[in-house]
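Working notes, beginning with the structure itself.
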Number of protein chains: 2
Amino acid sequence: MSKAQDTRAHVMATAERLFARHGLSNVSVRQITAEARVNLAAINYHFGSRDGLAMAIFRRRASELARDRLDRLRKLEADGGADLRAILGALLGPPLEWCCGGEESRDAVRFLIHARGERHPEIRRLINTHLDVLLRFAASIARVRPDLPEDEIYWRLFFTLALEHDLCSESERLVNLSGGACRRDDLEAVLDRVRDFAVAGVDSPARAQRDAQPRAAQ
Amino acid sequence: MSKAQDTRAHVMATAERLFARHGLSNVSVRQITAEARVNLAAINYHFGSRDGLAMAIFRRRASELARDRLDRLRKLEADGGADLRAILGALLGPPLEWCCGGEESRDAVRFLIHARGERHPEIRRLINTHLDVLLRFAASIARVRPDLPEDEIYWRLFFTLALEHDLCSESERLVNLSGGACRRDDLEAVLDRVRDFAVAGVDSPARAQRDAQPRAAQ
DNA sequence: GTCTATATGTTGATAGAC
DNA sequence: GTCTATCAACATATAGAC
């Protein structure tokens, strides 16, 4: 690997860590180059601009996440038995495993989530490029629950992703709220909990069915 | 109302709108004062600093939201019949009604959510001040579901708040994902959907109960 | 209280030596 | 490819006239 490739990768890793921890808008070119111990001009040389660097990181990580999710979903469907719990496991597993894994992969997820929240138009455009994976999951859910209307599936998929977002980026609040009673270090336990919640929500009866069986107390 | 109070309030309203739409870190003192058509020094005079202004807005809105939620919960409990759906309605109703209400209240919610995501230590300290309201809700849920362990309740409360966060700040993604099939302009419909999902997750059986009745296919 | 003028620092990006 | 030096634009905050 050439020296250039070397510093390029090193700058990306350092920037990702800083972006993930302090937010995209709160990290300057100077902070990154100082932390990475490379020259101030390196970012502009290798990535054109600070935003170019952020986009390069986003492109790479978003692709990795999409591929990881898709691989699991394909394997599931190839094996034939894709029940809802397994499908949602393929969706939620990758980011949560990254999040509970080493420092680097945790920062990768947090970077992605930060980036998704950015108003920056270029990034928002890029996000819509990766929608197809989520549509695959929607189709997979529709196969298990053919009674659900299309828009209902999208709502429930959206809610499921919301669980993942907050869990990866705001879990500190859960620790504060629970006074330490909730631990987030046991991946299996965390994954089970969020999957329980998501399955319950996604697999609940369709509104039409529920309206047909109104409760007496209502 | 004095002239000073007048510009003070006007600056807060303008700043809240800009903060909500572009993010806390992406709005400068100059943008705010220009948009509000007040003097550049006004912010430092009335609030000490740009961060002081942000904190003043946060304090006000966080208190309003907390009071709104608490009032509903108290009324519910006073009437005796606080079922889970009603409790979660008291939790989710205020932010969603704000979000679907006028421009100003929508910006108020989005400001709060943006602020919650900030790494700024002063704001994070302030957030923990408002935890007591959430603990009230946790206690209320515990009364309906005394079989749930304490930490399980916090997990589910945390997940419920995650739904609200993404719904108020990232609902644009839902529209993109669904190709326009999901509409977010009908407050009652949105509130019903998120409440359905939340109730299903929060009211699902405790893990211990589920383990005692393992499914055959597992 | 409101304003102008300004002090002081930081930002992203680049030109040109090596 | 890497570095130093520097630019122009932006930031926050304040001192002092009115």
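By convention in this document, chain letters (A, B, ...) are assigned in the order of the sequence lines, proteins followed by strands, and residues within each chain are numbered from 1.
- The distance from atom OH of B:Y45 to atom C1' of D:dT12 is 19 Å, rounded to the nearest whole Å.
- Using a cut-off of 4.0 Å between Lys/Arg side-chain N and Asp/Glu carboxylate O, B:R195 and B:D192 are scored as salt-bridged.
- Comparing C:dT4, C:dA13, C:dT14 by their closest approach to the side chain of B:A41 singles out C:dT4.
- Mapped onto DNA chain D by nearest heavy atom, B:G48 and A:A42 fall at different nucleotides, with A:A42 at the one closer to the 5' end.
- As a whole-Å value, the separation of B:F47 CZ from D:dT12 C1' is 16 Å.
- For residues 22-47 of chain A, every residue pair satisfying the salt bridge (Lys or Arg N to Asp or Glu O under 4.0 Å) rule, not counting sequence neighbours, is listed here: A:R17-A:E35.
- Distances shown here put a side-chain N or O of B:N39 below 4.0 Å from the OP1 or OP2 atom of C:dT4.
- A salt bridge links B:R136 with B:E77; the closest basic N to acidic carboxylate O contact falls under 4.0 Å.
- Here C:dT2 presents its C1' atom at 17 Å from CZ of B:R37, a figure rounded to the nearest Å.
- In this structure, A:R61 pairs ionically with A:E104, as a charged nitrogen and a carboxylate oxygen lie closer than 4.0 Å.
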Review point. Which dot-bracket notation, 5' to 3', represents the base pairing of DNA chain C when pairs are defined as Watson-Crick or G-U with both distances under 3.5 Å, crossing pairs as [ ], and inter-strand pairs as |?
Key: |||||||.||||||||||

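- We find that CD1 of A:I43 is positioned 12 Å from P of C:dT11, with the value rounded to whole Å.
- For A:N44, the listed nucleotide lying nearest its side chain is C:dT14; candidates were C:dT14, D:dT2, D:dA13.
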Under 3.5 Å, N/O pairs linking protein and nucleotides 6-11 of chain D:
from	atom 1	to	atom 2	distance (Å)
D:dA11	OP1	B:S28	OG	2.8

